[in-house]
Participant: 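Sending over a structure as structure tokens; questions will come in a sec.
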Amino acid sequence: MSDFEFFDLFPNIYQLHLPIPKNPLKYLNSYFIKGKNFNLIIDCGLNHNEVEKILFAAIEELNFSPSNTKLLLTHCHSDHSGLSVKLNEYGIIVLVEPTELKVINDPFIWEKESEALKSLGVPEDILEQAKETQVAYKFRPKGEIKFYYPLKDGERLDLGNFVFQAIHTPGHTRGHICLYDEDHKILFSGDHILKDITPNISQFYEHELALDSYLKSLDKIKDLDVKLVLPGHRTHFFDLKTRIKELKDHHQKRLKEVLDIVKNNPGLTPFEVASYMSWDINYSSWEDFPPTQKWFATEEAYAHLKYLVINGTIKEEKDKIKRFYYS
Ligand SMILES: [Zn+2]
């Protein structure tokens with residue numbers, strides 16, 4: 001039996017910490033909810049031996065059998081979905097938003113993302129190292145989720161003692177889902193809203209507008225009556241409105257920073273813009289950033305650049321491979 005601890009944050013809601021090795025996030029918050037009609041697990045951690053032991057020990061401890069338990073994924077990232085295929089094989093149905101399911105079940109998704117990052121100016125050796133060292137790649141779900149229910153915006157999950165509403169909140173990923181219980185005023189915020197970390201907004205598909213979607217998704221939930229926010233990482237919190245305001249302010253500051261960088265250094269790629277940005281991370285210089293962090297930083301820079309391009313504030317030019325920005 002693996003050592004684990006449940007944190008009781010609310011009657012019948014148990015929080016379980018699933019480790020994320022070598023990552024500043026430290027662990028994923030998985031939630032186990034004891035329902036009258038069925039039980040619900042929200043997010044399931046990396047596809048890693050230790051994590052698997054903890055997860056299955058927790059399932060056993062609470063007596064969650066496959067026939068009366070469902071797994072809901074807030075989004076496709078491996079720290080949330082890693083063990084979904086294994087739980088699926090164990091007989092647990094997966095509730096997952098369709099675009100997220102597509103990403104999880106696409107065996108070539110990493111190659112596609114890696115290819116897209118070349119156009120952002122990330123050197124190939126960094127891409128290769130980032131892929132190899134990335135826990136999200138190493139411990140991704142392997143195989144396919146076959147037994148699932150496609151979760152859509154507004155869908156209700158009636159557990160008897162809790163009634164959850166799925167809220168589509170694109171931004172962190174395209175199909176990100178939050179869960180809201182109106183009676184108990186509880187919001188499971190996934191990685192849409194975290195307390196002391198700003199969720200990474202990555203943009204890598206040409207046609208999407210990650211930051212624009214993200215800001216709209218913050219507005220979408222800002223007026224919900226919420227007393228307890230249960231996020232995908234780190235601590236729970238109570239004041240949703242203040243946190244949303246802080247996140248919006250953060251991105252406005254970021255947009256200004258990116259605009260200034262482009263004005264002062266015309267013709268940079270997103271990778272180069274990222275190297276000029278300030279990052280809240282413990283490395284003294286951009287050169288010291290691990291390849292994975294350079295990857296995330298570049299995607300984040302690109303999300304802000306794209307937003308400024310769409311608003312007509314800056315211009316994008318492309319050669320055969322890369323994108324460049326001018327004010
Ligand atoms: Zn996460």
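First listed ligand is number 1; within each ligand, the first listed atom is number 1. One-based numbering along the sequence shown.
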Participant: More than 12 foreign heavy atoms under 6.0 Å from NZ of K142: is that the case here?
Facilitator: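 Yes.
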
Participant: With respect to the Zn ion (ligand 1), what is the nearest N, O or S atom of D191?
Facilitator: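 For D191, the N, O or S atom at the smallest distance from the Zn ion (ligand 1) is OD2.
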
Participant: More than 12 heavy atoms of other residues, nucleotides or ligands under 6.0 Å from CZ of F162: is that the case?
Facilitator: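 Result for CZ/F162: enclosed.
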
Participant: Given the Zn ion (ligand 1) as the apex, I'd like the angle to OD2 of D79 and NE2 of H80, rounded to 10 degrees.
Facilitator: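 My answer is 100°, to the nearest 10°.
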
Participant: Sub-3.5 Å donor-acceptor pair from the side chain of E97 to the main-chain atoms of T99, do we have one?
Facilitator: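 Yes, the answer is positive, given that a donor and an acceptor are paired below the 3.5 Å cut-off.
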
Participant: Look at the N, O or S atoms of H233, main chain and side chain alike, and state whether any lies under 2.8 Å from the Zn ion (ligand 1).
Facilitator: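 It does: H233 brings an N, O or S atom closer than 2.8 Å to the Zn ion (ligand 1).
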
Participant: Taking the six-membered ring of F38, is NZ or CZ of K70 closer than 6.0 Å to its centre and within 45° of its axis?
Facilitator: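 Judged by the rule, K70 and F38 form a cation-pi pair.
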
